[in-house]
Amino acid sequence: AARGVSLVATVPEGMLPDPIGTSGPPEVEYFINEQSVQFKPIAEIPAGETVTYRVRVRTVPAGQQTFHVELTAPGLAQPVREEEVTEVFE
């Protein structure tokens, strides 16, 4: 089991987090602060279980944007970081 798992999603300039459509696992609150969405820690995720986070954004300019996420937990030696490049069309 994983304990104390938290997630922060950071959207690039040109994207704005949208609270309508943004969600985490049931009963996990989140806060939007400018370009980031911070989800409160999950007390425990049983082994083999999956949790889903969704971050909806509004975009301003067309072009390539890079979305970053960082997962932390007390049992991890260092944060797990991932990024996804998205092409925004007009």
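For reference, positions follow the sequence shown, starting with 1. Note that the coordinates shown come from a computational prediction; the quantities given were computed from them, not determined experimentally.
With values rounded to the nearest 0.5 angstrom, Leu16 atom CG is found 12.5 Å from Arg56 atom CZ. Here Met15 contributes atom CE and Thr66 contributes atom OG1; the two are 8.5 Å apart, rounded to the nearest 0.5 Å. In this structure, the separation between CD on Glu70 and CD on Gln78 is 10.0 Å, given to the nearest 0.5 Å. For the atom pair CD (Glu49) and CD (Glu44), the distance works out to 10.5 Å, reported to the nearest 0.5 Å. For the atom pair CD (Glu82) and CZ (Phe67), the distance works out to 12.0 Å, reported to the nearest 0.5 Å. Taken from CD in Glu87 to CD in Gln65, the straight-line distance is 9.0 Å, to the nearest 0.5 Å.
Taking the six-membered ring for Trp and thresholds of 30 and 60 degrees, Tyr53 and Phe39 have ring planes more than 60 degrees apart, a perpendicular arrangement.
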(message) Working note: Leu76 + Val80, criterion side chain to side chain contact (heavy atoms under 4.5 Å, CB included); need CA distance, chi angles, decisive distance, verdict.
(response) CA-CA 8 Å; Leu76 294 174; Val80 176; 4.0 Å; yes

* Asked: Can you list the steps and then say if Val51 with Ile42 is a side chain to side chain contact (heavy atoms under 4.5 Å, CB included)?
  -> CA-CA 10 Å; Val51 295; Ile42 298 174; 4.2 Å; yes

Checking Thr59 against Val88 for the side chain to side chain contact (heavy atoms under 4.5 Å, CB included) test, could you report, in this order, the C-alpha distance in whole Å, the side-chain angles of both residues, the deciding distance, and whether it holds?
CA-CA 8 Å; Thr59 61; Val88 178; 3.5 Å; yes

### Task
Take Thr22 and Arg54, measure what side chain to side chain contact (heavy atoms under 4.5 Å, CB included) needs, and give me the verdict at the end.
CA-CA 5 Å; Thr22 295; Arg54 287 189 171 84; over 6 Å; no

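Pro74 and Gly4 get closest at one heavy-atom pair: CD-O, 3.5 Å. The shortest non-hydrogen separation linking Ile32 to Asp18 is CD1-C, 4.3 Å. Shown here for Val11 and Pro17, the closest heavy-atom pair between the two residues is CG2-CD, 3.7 Å. Heavy-atom minimum distance, Pro12 versus Gln35: O-NE2, 2.8 Å.
No side-chain N or O of Ser36 forms a donor-acceptor pair with one of Thr10 less than 3.5 Å apart.
At least one donor-acceptor pair under 3.5 Å links the side chain of Tyr30 to the backbone N or O of Pro19.
Counting heavy atoms from C-beta outward, Val8 and Val69 have side chains that stay 4.5 Å or more apart.
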